Structures are given as structure tokens and as C-alpha cells.
Visitor: 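Structure provided below as C-alpha cells; questions to follow.
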Protein chains: 2
Amino acid sequence: MAAGNTPGSQLLPVLGELVRLLRQLDVPDTLSLVAMAVLRRLDRDGAGRVTDLARAERATQPGMTQLIGRLERAGLVQRVPDPQDGRSVLVELTAAGRDLLARTTTHYADTLDLLLSRLDDADRDAISTALPALARLAHAADHPPAGRV
Amino acid sequence: MAAGNTPGSQLLPVLGELVRLLRQLDVPDTLSLVAMAVLRRLDRDGAGRVTDLARAERATQPGMTQLIGRLERAGLVQRVPDPQDGRSVLVELTAAGRDLLARTTTHYADTLDLLLSRLDDADRDAISTALPALARLAHAADHPPAGRV
DNA sequence: TATTGTTATACTCTATAACTATA
DNA sequence: TATAGTTATAGAGTATAACAATA
């Protein structure tokens, strides 16, 4: 049991506040964080199957189908048949999707830069130094060393 | 415009992945992160008014009314009349709410501790060192130095 | 008249269960 | 029979607009 002074106990409220910060930045007519993550993945890795996207984003298959449906209705992605497998569908980014992804990413990054500019150098350095470690933490649950998380 | 190599650009995907991590830890029969934040605040500051809770959590007043309604139906909080102001309602934690908050907090903290234990000392140190800076970043939008965010 | 809180309503997001089509 | 994807349905969560009660 966490006694209240473990690193995890101290990390938890900070993560909660960062989530709130992101939600707060979440302006209308842009994308949800999950939608952004999917578009970013499609942009980086190219077209992908619904099942693979669902697994990568830790979502269920129906959930991903619905998200892709919303994105397709918005003209940001399109479904194309998979030539390799008749059951499968490939989701790919449209030009509009790539464009909105770029603009939304810029908006978020600009806002974060503004907030970072209000901190002092020591704080900025500390955050910058911790980024790779935080990224590894975020993925620590992806590759369990032995068994369950 | 963020050129893609600003601190904010690098922070954004890491924050996105941390959000995904937290969602992943979000086990059934426990609390959402916002619900946890409200219960944590009530535990720390004592009973509070709906308006104040909404403001503190950056939620709307109707949104907070509905969240409190769900929490009350679950027996985690109770509404009591405000003796100072007939329009107002004070929300306070029940024993069950305090208990569930403690158990949920422990669950999250334990899981984070497990994930942290998979990193090396340098990563743990970097995260630990950056925590106060990250907390200040999360609150940087709360106190705008001049005008808008 | 302003403030506190609620109800009404709608939309996003996500989940489970049941289904279709292909392998 | 297993897998890929979808539809059906339900619930959490949050928002805006309209309303009631108190100050």
C-alpha cells in the first residue's frame, strides 16, 4: 500500500492537474486528444487498420470504429479496402486531416510555450530534462516485464 | 507559430501519452479523475459550495451539479443547506466517500509506483525533480499575468 | 437586479453485446 | 472456427439555455 509519500503518490495529483490543463486548452472546433493521437499516428505511420489503431490507442474495436466514423464524416480520414484482406479496412489521412492536425498541433504547442514562458529557467530545464523519462513512464505499461499491470 | 522544435511541441505528445496512461489505469468501480479531484478537494478543504467547486475544477455550474448528483447517488457526498445563504448548498464528503477516495488513491499510486520501478534511477530522479515545475506549469493558466490564455 | 443552483436538452466519447462478412 | 469490422444500445461526462429561489 502506498503510504502517501511514495513517488507515485506525489506524481498522481500532478498528473491529474496536467490532464485538467489539457482539457482546459481543448478549444472548440479542434480535435479531442484521442482524435489527435490517431491522426498523429496515421500521419507518422501511414494508413492503418481499425484493429491496429484500437490496440495502439488502448481503445476497443467498436470505439475505434465510431471514432473513425466521426473523423470520416468530418472529412479528416477515409476508409479504403485492404487489398490484402477482404475483411479489413485501411484508414488513411486526407489532406484536410493532415492540415487540421498541423493547425491543432501548432495551437496546442503555442499555448504550452506561452505557459512555459511564465516559468523560470530552472523549472523549464527540469521539465525539459524529465521529458524522455516521462515518455518512458507513459510506455512502461505497454511492455510488462513479466505479467500483468 | 511553433516550428516543431519548441519546448511546447516536445511536451505535447508526452502529455498526450500520460493522459492515455491514466485512462488505462482507470479501472472500473473506481472514480473518474475529475470525480477524484472533487473528492480530494472536499477531503482537504472541507465542505464547499457547488459554484466554488465548479470554479476550482474549471467546470460549469450545471456540470458540477450533475457530477455532485452522481456522487450523491453513489453515497460518496451529501448536500447540506448552507446556514449562511439560503440559495447555497454545501457539499460534504461522506464516510463512504472518504473511504473510496483513500482506496482509489492508493490503487493509482501503487500502480504508478510499479511503473516507476521499471525505470532506472536517473529517470526516476528526473521525474521527481520536475514534479514541482510540472505542478506550476499546470497552474500557469490559472493566474494569467496580464490577460487571456 | 444579481447570484445560487437546478432542470432540460443535446452532443461527444466510450463501453459491452450481438451481428455480418471474410479468412 | 477465428478474425475484422460494424451496428445497437447504454452510460458517463460535459456543454448551453431556460428556469426557480434567495439575496
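Chain letters run A, B, ... following the sequence lines, proteins first, then strands; residues in each count from 1. Bear in mind the structure is a predicted one, so any value in this text is a computation, not a measurement.
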Visitor: Where along residues 44-54 of chain B does a heavy atom fall under 4.0 Å from DNA chain C?
Guide: R49(B), V50(B), T51(B)

Visitor: Starting from C1' on dC13(C), measure out to CE on M36(A) and report it in whole angstrom.
Guide: 17 Å

Visitor: If only atom types and distance count, is the side chain of D113(B) paired as donor or acceptor with the main-chain N or O of G8(A) below 3.5 Å?
Guide: yes

Visitor: Do the side chain of R118(A) and the main chain of A140(B) share a donor and acceptor less than 3.5 angstrom apart?
Guide: yes

Visitor: For DNA chain C, determine which residues of residues 66-85 of chain B have any heavy atom closer than 4.0 angstrom to one of its atoms, and list them numerically.
Guide: Q66(B), R79(B)

Visitor: Rounded to the nearest 0.5 Å, what's the gap from CG on D43(A) to CE on M36(A)? Could you check?
Guide: 10.5 Å

Visitor: Classify G63(B) by what it touches in the nucleic acid, base, sugar-phosphate, or nothing, heavy-atom distance under 4.0 Å.
Guide: nothing

Visitor: Quick check against the 3.5 Å criterion: does Q10(A) have a side-chain atom that pairs as donor or acceptor with the backbone of S128(B)?
Guide: no

Visitor: Would you say dT14(D) has OP1 or OP2 under 4.0 Å from some side-chain N or O of T60(B)?
Guide: no

Visitor: Any ion pair linking D120(B) and R124(B) (charged N to carboxylate O, less than 4.0 Å)?
Guide: no

Visitor: Are the side chain of T94(A) and the backbone N or O of G75(A) linked by a donor-acceptor pair below 3.5 Å?
Guide: yes

Visitor: How far apart are the C-alpha atoms of T51(B) and Q61(B), what are their side-chain angles, what is the distance that settles it, and do they pass the side-chain hydrogen bond (donor to acceptor under 3.5 Å, both in side chains) test?
Guide: CA-CA 6 Å; T51(B) 298; Q61(B) 204 180 50; 2.7 Å; yes

Visitor: Please give, in whole Å, the distance from dG13(D) C1' to R20(A) CZ?
Guide: 17 Å

Visitor: When you match S88(A) and A59(B) each to their closest nucleotide on DNA chain D, which lands nearer the 5' end?
Guide: S88(A)

Visitor: Of the options dA17(D), dA15(C), dT7(D), whose atoms approach the side-chain atoms of P62(A) most closely?
Guide: dT7(D)

Visitor: To the nearest Å, how far apart are R87(B) CZ and dC19(D) P?
Guide: 20 Å

Visitor: Starting at the 5' end of DNA chain D and moving along, which residue's nearest nucleotide shows up first, L90(A) or Q61(B)?
Guide: L90(A)

Visitor: Whether the E92(A) and Q78(A) side chains hold a donor-acceptor pair (N or O, under 3.5 Å, no angle test) is what I'd like checked.
Guide: yes

Visitor: Could you check which of dG13(D), dT3(C), dG5(C) has an atom nearest any side-chain atom of T65(B)?
Guide: dG5(C)

Visitor: Look at the side chain of E17(A) and the backbone N and O of H139(B), then say whether any donor-acceptor pair between them is shorter than 3.5 Å.
Guide: no

